[in-house]
Amino acid sequence: MLDPFVIGGITLSSRLFIGTGKYSRNTLIPEVVASSGSQVITVALRRIDPESRDNIVSHIPPHMTLLPNTSGARTAEEAVRIARLARAAGLGNWVKIEVINDQKYLLPDNLETIRATEILAAEGFVVLPYMSPDLSAAIRMKEAGAAAVMPLGSPIGSNRGLRTKELLRILISEVDLPVIVDAGIGRPSEAAEAMELGASAVLLNTAIATARDPLLMAEAFREAVSSGRKAYLAGLGPVEETAVASSPLTGFLK
C-alpha cells in the first residue's frame with residue numbers, strides 16, 4: 001500500500017525520525033540509521049565541530065535529510081540566529097525550532113517558538129517547531145508558516161511515554177498540518193500508539209541511544225511505527241463499555 005509522507009517538498013517512506021545524541025560512539029549513527037530505516041535525523045548545531053576529526057555530521061549517511069535543531073536557544077532571536085548559522089554551514093533549510101527556558105523539565109516556550117517560526121518561514125526555511133501540545137499555539141504556528149508541529153509526549157529524555165495523549169489527540173484532529181510526536185517516547189509500543197492515534201510521524205533519540213542494543217531497538221521502533229501506521233489506516237474497531245458477542249447468541253439448540 002502506497003502511503004507517502006510529504007513534508008517540505010520531500011517524499012518520505014519512513015515515518016520515524018531519529019536523533020544523534022547520547023550514543024556511546026558516533027560510529028554507531030550510520031548503523032542505527034540502517035536499522036531504523038529513518039530518512040530524517042536531527043542534530044544540534046552546537047554539537048557540530050567542522051574542525052574535529054570526529055565531526056558528528058561526517059557520520060550521517062548522505063541520503064539522510066538533516067534536521068538541525070536550535071537546542072540551547074532561550075529566545076526567538078537566538079533560535080533564528082542558530083538556524084541561519086546552520087543554513088550557512090551547508091546543513092540545508094530544514095530546522096527544528098527549540099526554544100527552552102525551563103531547565104528542569106526542558107519544556108518549550110510556545111510564544112517564542114511562534115515568533116521564531118514566523119521569521120524563519122518567511123526566509124524560506126522548512127520549519128518544524130517543537131512545542132507543548134496546545135491547540136491555540138499549534139494553530140498560530142501553522143499561520144506563521146510551520147511545515148509541521150512537533151508536540152511532546154512527555155519531557156525530553158524521560159522515556160515516560162505519551163503523558164499528553166489526550167492533547168495530542170486534539171491536535172491531530174484539529175490542526176491541518178502533520179503532527180510529529182517528539183520527546184518522551186521510551187518504548188516501541190508507545191511509538192505504535194502515537195501512530196495509531198493518527199500522528200504523521202514520531203521523533204525519538206534517547207530510547208534507542210540508551211538501549212542495551214541500540215541497533216535491535218532501532219529495528220523494533222521501525223516495525224512499531226510501521227505497524228501503528230497500518231493500524232491507523234485500517235481503522236481501529238470501536239471501544240464498547242460492555243461485552244459484544246463475536247457470534248450470534250440466538251438460534252442455537254432450539
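Index from 1, following the sequence. Keep in mind that this is a model prediction, so the values were computed, not measured.
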same_hphob_cluster(Ile56, Leu85) at 4.5 Å side-chain heavy-atom cutoff: yes

Closest non-hydrogen atoms of Ser158 and Gly184, given as atom of the first, atom of the second and distance, are OG-CA, 4.0 Å

For Glu118, is the CD atom crowded, meaning more than 12 foreign heavy atoms sit under 6.0 Å from it? no

Would you say Thr210 and Lys22 are linked by a side-chain donor-acceptor pair, where the criterion is simply a distance under 3.5 Å? no

Gap between atom CD1 of Ile139 and atom CD1 of Ile114 - 0.5 Å precision: 10.5 Å

With a 4.5 Å heavy-atom cut-off, do Trp94 and Thr65 have their side chains touching? yes

Pair Val181, Glu190 - check side-chain contact (heavy atoms from CB on, under 4.5 Å), show working. CA-CA 10 Å; Val181 178; Glu190 293 159 356; over 6 Å; no

Could you go through Ile208 and Phe221, starting from their C-alpha distance and side-chain angles, then the distance that decides it, and tell me whether this counts as side-chain contact (heavy atoms from CB on, under 4.5 Å)? CA-CA 8 Å; Ile208 294 177; Phe221 272 105; 3.8 Å; yes

Less than 4.0 angstrom from a charged side-chain N to a carboxylate O is my criterion; do Glu77 and Arg115 meet it? yes

Indicate yes or no: at least one non-hydrogen side-chain atom of Leu128 is less than 4.5 angstrom from one of Val149. no

Using the rule that Ile, Leu, Val, Met, Phe, Trp and Tyr join whenever any side-chain heavy atoms are under 4.5 Å apart, tell me whether Leu66 and Leu204 fall into a single cluster. yes

Hey, is Glu193 close enough to Lys165 for a salt bridge, meaning N to O under 4.0 Å? yes

A quick test of your reading: do over 12 heavy atoms of other residues, nucleotides or ligands sit less than 6.0 Å from CZ of Arg87? yes

Within the 3.5 Å criterion, strictly below it, is a donor on Asn69 or Thr42 matched to an acceptor on the partner's side chain? yes

Pair Glu166 + Arg169: basic N to acidic O under 4.0 Å: yes

Less than 4.0 angstrom from a charged side-chain N to a carboxylate O is my criterion; do Asp3 and Arg15 meet it? yes

With a sphere of 6.0 Å drawn around OH of Tyr232, does it hold more than 12 non-hydrogen atoms of other residues, nucleotides or ligands? no

Reported CD-to-CG distance for the pair Glu219 and Asp213, which is rounded to 0.5 angstrom: 9.0 Å

Given side chains that start at C-beta, do those of Ile185 and Leu162 come closer than 4.5 Å, heavy atoms only? yes

Please determine if Glu31 and Arg25 form a salt bridge, counting it only when a charged side-chain N lies under 4.0 Å from a carboxylate O. yes

Any Lys/Arg nitrogen of Asp182 or Lys96 sitting under 4.0 Å from an Asp/Glu carboxylate oxygen of the other? yes

As a quick check of understanding, evaluate side-chain contact (heavy atoms from CB on, under 4.5 Å) for Val95 and Thr70, giving each step before the final call. CA-CA 8 Å; Val95 63; Thr70 65; 3.9 Å; yes

Do Val40 and Leu12 have side chains that approach each other closer than 4.5 Å (heavy atoms only, starting at C-beta)? yes

Hey, what do you get for CG (Leu16) to CD1 (Ile41), rounding to the nearest 0.5 Å? 10.5 Å

What do the steps show when you test Thr75 against Glu78 for side-chain contact (heavy atoms from CB on, under 4.5 Å), and what is the final call? CA-CA 5 Å; Thr75 65; Glu78 290 179 356; 3.3 Å; yes

Qualifying salt bridge (charged side-chain N to carboxylate O under 4.0 Å, His left out) pairs, either residue in residues 134-157, two or more places apart: Lys142-Asp176

What's the spacing between Ser58 OG and Asn26 CG if we round to 0.5 Å? 7.5 Å

Are Ile172 and Ile170 close enough that some pair of their side-chain heavy atoms sits under 4.5 Å apart? no

